[in-house]
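So the structure is just underneath, and the comments pick up after that.
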Amino acid sequence: MKKWSQTFIPTLKESPADAEIASHKLLLRAGLVRKLGGGLYTFMPSGLRVLQKIMAICREEMDREGGIELAMPHVHPVENWQKGPRWAAAREIMYRVDHAGDGKRSSRDPEFVLGPTHEEVITPLVKSEITSYRDLPKNFYQITTKFRNEIRPRYGLMRAREFIMKDAYSFDATDDGAIESYNRMKRAYTAFFTRCGLKTIPVEADTGVMGGSFSHEFMVPAPVGDDDIVYSDAGYSANREKATSALVPADLADAAPVGVVEEFATPGAVTIAALAAAPYGVPAEAQFKTLVFMGDGKPFLVVVRGCDDVEEAKLGSLGFQLWRAATSEEIEPLMGAKPGSLGTVRGTIKNPDALAGIFADHAIRLIGNGTTGANQDGFHLRNVNVVRDLAVTRFGDFRRVREGEPCPKSGEPLKLVRAIEVGHIFKLGTKYSEKFDAVYTDDKKQSHPMVMGCYGIGISRTLQAVIEQSNDADGILWPWHVAPWQVLVVNLDPQDETASGVAAQLAAAAEAAGADVLLDDRAERPGVKFKDADLIGIPLRLTVGGKGLKEGIFELKWRRGKDVQKVPLAEADRAIAEAVRQGAGTAGS
RNA sequence: CGGGGUGUAGCUUAGCCUGGUAGAGCGCCUGGUUUGGGACCAGGAGGUCGUAGGUUCGAAUCCUAUCGCCCCGACCA
């Protein structure tokens, strides 16, 4: 049992001006965190308690599925990263650390970075410690602080420069084994989020810089999220970056040409919309849109319908480490025209040999014969046939899916919703084990790279996601198992010995029933105590004092409910034990 | 890094356009009256107006630079 007067819960009546969303405001108002700088937060005592509870649940679920806890350094020799497979992409988000020195000369020490994640540490470790199939599989995890130079920290703990993450790394002898490890983690994650009182949707996801063969994200639907997820009732769900639709039928026949390619003048018409308007009247659905990107320094082209957007994450399938949209200066000498008049009709590109490829989205086959830029400023081409006229290295899925398109599983309309990513699991394959030579010997004395998986949970982000999902106008509605305290005993008359005695007795009863108890013993007026109680969101409130005490009762109230139960003091132990049992039996309330 | 905004007491802010004594509410301290949903009265402490230059007799206010923070975009758990 903790007395309010002996801990520190600095609540605020008003939200600090730099908090914008409900969960961020409540983190501050309920005294859970305080800001040091952008994306840097101190966990105050009650915030730390929530964090520790979430971590404890996470440990239990990881251990249940065979996870082995360890703790790796935060400071990494830069060589580990340089040797790894993603140095070029990952260095942008890493902090470099040097010792401060004596200020009189520059450091000549080795270079270090702060760990944004730990594949580059765990893989060499496992390489040197495990060499036999007999020691596999293994799944190592840790719960530690991660450091990422986020370009834009946001919304408190939601996207921070320094945050708490659970990261796990599985090592298997076989691909089947790796899939089993992956599924165990999927199970652990589902159990973990459920126990945190959080409703999540697992979705298929892009593997991004991490790489690997497939992955799932655990998403909390919320308007303030950074991602869009696409799903249908048939059970299809994917991050929008990865989502596909059945827009293009599998058996679609390529359209036959309708005539010869014709050039026509389009002075000043450099947008899809301009070409769609009078006097040209070419609908966006009949235009080929050609976009230029730079992949590892070489230009490549992507062709989509005029009405579609390129989903840039999908360009990851092309095999470039880094890619970006090309600039006008890069485009004109390559194509022969400025953006707005570009196309990929054979023979019209000025310098085709410089290209790393021309990649076309499947959906352009729906156009059949359409209109595209002539690679000559102020001119377009019509009667352009996809098969006959367009130079295409290969077709693929490069367009962004839109709400309402047919689900790839069932054909019913896809739905789209914003979400917060709280967990991500990857089947990595051998990308890292090959790079770090993490191999084992099988029972036939053959050497193979280990098959890896990696699995992350944003612990501190999960904390905020719970608040975002569970709050009302008065404050937080903590789910039982992550609440900083589960029972709040409010003593309205802390100066009165009888009231204090009863309050202590109720607190002891709740504690004996297995709850964490906070006793509000402050010399504040009742209104202040009730407001604070709602704000900090303790699930079960027991109120002692005033009129009630004279009648020989105390009050029992659930934070999520409206009813106040008046319970005779003689029945306190039984009623409290019952209520605590009820609270503990709920995942979400 | 691009675009937009903002910086005045622990928190929320007024004042800035049109230069001339820095003001309020909450919180804090003292005393009193109160005591079931953020009490009231009286008294009090707390601000180099983000920082540095400049213009001016005079700058929170105008100008320049710089830093921090917030929001939108690319990135991510």
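Reckoned from all heavy atoms, side chains included, excluding hydrogens, waters and symmetry mates. Letters A, B, ... mirror the listed sequences (proteins, then strands); counts begin at 1. What you see is a predicted model, and the numbers here were worked out from it, not measured in a lab.
Nucleotides B:C40 and B:C26 are separated by 7 Å at their P atoms, to the nearest Å. Of the C1' atoms belonging to B:G32 and B:G37, the separation is 24 Å, rounded to the nearest Å. Here the separation of B:C63 from B:U55, taken at their C1' atoms, is 7 Å to the nearest Å.
Donor-acceptor pairing under 3.5 Å is recorded for the side chains of A:Tyr432 and A:Arg86. In summary, the side chains of A:Thr11 and A:Asp532 do present a donor paired with an acceptor at a separation below 3.5 Å, with no hydrogens or angles considered. Under the 3.5 Å distance criterion, with hydrogens and angles disregarded, a donor-acceptor pair is assigned to the side chains of A:Tyr455 and A:Ser170.
Each of B:C69, B:G36, B:G38 was ranked by its minimum atom distance to the side chain of A:Lys547; first place goes to B:G36. Comparing B:C70, B:U35, B:A77 by their closest approach to the side chain of A:Glu20 singles out B:C70. Candidate nucleotides B:C69, B:A77, B:G38 were compared by shortest atom distance to the side chain of A:Met165, and B:A77 ranks first. Of the candidate nucleotides B:C70, B:C1, B:C76, B:C76 has the atom lying nearest to any side-chain atom of A:Asp227. The side chain of A:Ile151 lies closest to B:C75, out of B:C70, B:C76, B:C75. Set against B:G36, B:C75, B:C69, the side chain of A:Lys35 has B:C69 as its closest nucleotide. Closest to the A:Pro16 side chain, of the nucleotides B:A39, B:U12, B:U35, is B:U12. Listed nucleotides: B:C75, B:C69, B:A39. Nearest to the side chain of A:Ile93: B:C75.
Taking the ring centroids of A:Tyr182 and A:Phe214, they lie under the 6.0 Å cut-off. If you look at A:Tyr95 and A:Phe147, their ring centroids are not closer than 6.0 Å. In this structure, A:Phe192 has its ring center no closer than 6.0 Å to that of A:Phe218.
One interatomic measurement links the two molecules: CD of A:Glu14 to P of B:G25, which rounds to 13 Å at whole-angstrom precision. For the pair A:Leu488 CG and B:G37 P, the computed distance is 17 Å after rounding to whole Å. A straight line from NE2 of A:His118 to P of B:A77 spans 14 Å, rounded to a whole angstrom. When the C1' atom of B:C76 is taken as reference, atom NE2 of A:His424 falls 10 Å away, rounded to whole Å. When rounded to the nearest whole Å, the span between CG of A:Asn239 and P of B:C76 equals 11 Å. Between the CE atom of A:Met294 and the P atom of B:A74 there is a distance of 21 Å, given to the nearest Å. Following rounding to the nearest Å, A:Glu217 (CD) and B:C76 (P) show an atom-to-atom distance of 10 Å. Between A:Leu291 atom CG and B:A74 atom P there is a gap of 16 Å when expressed in whole angstrom units.
Evaluation of atom-type donor-acceptor distances gives no pair under 3.5 Å for the side chain of A:Glu524 against the base of B:G38. Taking only distance into account, the side chain of A:Arg159 meets the base of B:C75 through a donor-acceptor pair shorter than 3.5 Å. Donor-acceptor pairing under 3.5 Å, judged by distance alone, is absent between the side chain of A:Arg152 and the base of B:C76. Between the side chain of A:Arg541 and the base of B:G37, at least one donor-acceptor pair of N or O atoms lies under 3.5 Å.
For CZ of A:Arg34, the number of neighbouring non-hydrogen atoms (other residues, nucleotides, ligands) closer than 6.0 Å is greater than 12.
For the OP1/OP2 pair of B:C72 and a distance below 4.0 Å, the side-chain nitrogens and oxygens of A:Tyr155 include at least one atom meeting the criterion. For B:G27, the OP1/OP2 oxygens have a side-chain nitrogen or oxygen of A:Lys13 closer than 4.0 Å. At least one side-chain nitrogen or oxygen of A:Arg525 sits closer than 4.0 Å to the OP1 or OP2 atom of B:A39.
Within the nucleic acid shown, A:Glu312 has no heavy atom closer than 4.0 Å to any nucleic acid atom. Within the 4.0 angstrom heavy-atom criterion, no nucleotide atom of any strand lies near A:Thr462. At the heavy-atom level, A:Met158 lies under 4.0 Å from base atoms of the strands shown. If you check every strand for non-hydrogen atoms under 4.0 Å, A:Gly527 touches sugar and phosphate atoms only. A:Gly423 comes within 4.0 angstrom of sugar-phosphate atoms only, judged by non-hydrogen atoms across all strands, and of no base. Within 4.0 Å (heavy atoms only), A:Ala160 reaches at least one base atom of the nucleic acid. In this structure, A:Arg34 reaches neither bases nor backbone, as no heavy-atom distance under 4.0 Å exists between it and the strands shown.
Annotation: side chain of A:Met94 is not in contact with side chain of A:Leu114 (no heavy-atom distance under 4.5 Å).
Both thresholds, 5.5 Å between centres and 30° between ring planes, are not jointly met by A:Phe530 relative to the base of B:G36, so the two rings are not stacked.
Position along RNA chain B of the nearest nucleotide to A:Pro526 versus A:Gly456 favours A:Pro526 as the more 5'-ward residue.
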